[in-house]
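Notes follow once the structure below has been shown.
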Amino acid sequence: MARRARLSWPQEHHQASEVIVRRVDPGRGWTLEQARDLVEQGYSIDNVAERTGFPAKMLKVAVKD
């Protein structure tokens, strides 16, 4: 006769942890809004990314299709 096994898992307790806020600041004196404004003025995303230090993916948000 087969024995029945009891399956038990440990109780999962999740406690609240601290909130971590991450900000991108390349330290070149540009704000993200200023960098996106340059893209809207017609500068290329790669050029603005190189000058301001912000990633190109963050600047692509400013491009309107």
Side-chain angles (χ1 to χ4, degrees):
M1 183 175 221
R3 297 177 87 190
R4 283 190 160 185
R6 279 192 186 177
L7 301 177
S8 62
W9 289 272
Q11 296 282 336
E12 290 187 22
H13 297 286
H14 296 286
Q15 295 179 355
S17 61
E18 294 182 19
V19 175
I20 299 172
V21 177
R22 295 188 176 146
R23 297 179 190 260
V24 176
D25 184 13
R28 295 187 184 176
W30 292 89
T31 63
L32 182 58
E33 290 78 22
Q34 290 172 334
R36 286 181 177 167
D37 191 40
L38 289 174
V39 173
E40 288 178 358
Q41 291 177 21
Y43 291 94
S44 71
I45 292 175
D46 294 328
N47 186 18
V48 174
E50 182 180 328
R51 298 279 179 188
T52 62
F54 286 102
K57 288 183 179 182
M58 290 179 75
L59 299 173
K60 286 183 182 179
V61 175
V63 177
K64 295 179 182 176
D65 293 334

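Just so we're clear, the structure is a prediction, and the values are computed from it rather than from any experiment.
The minimum heavy-atom distance linking Trp30 with Leu38 is given by the pair CZ3-CD1, 3.4 Å. Summarising the geometry of Tyr43 relative to Val48, their closest heavy-atom pair is CB-CG2, 3.6 Å, with the distance given to 0.1 Å.
Rounded to the nearest 0.5 angstrom, Thr31 OG1 and Arg36 CZ are separated by 10.0 Å.
Between the side chain of Arg51 and the backbone N or O of Ala35, no donor-acceptor pair lies under 3.5 Å.
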Task: Working for side chain to side chain contact (heavy atoms under 4.5 Å, CB included), residues Leu59 and Leu32 - done: CA-CA 8 Å; Leu59 299 173; Leu32 182 58; 4.3 Å; yes
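Residues Thr52 and Gln34 fail the side-chain proximity criterion, which asks for heavy atoms closer than 4.5 Å.
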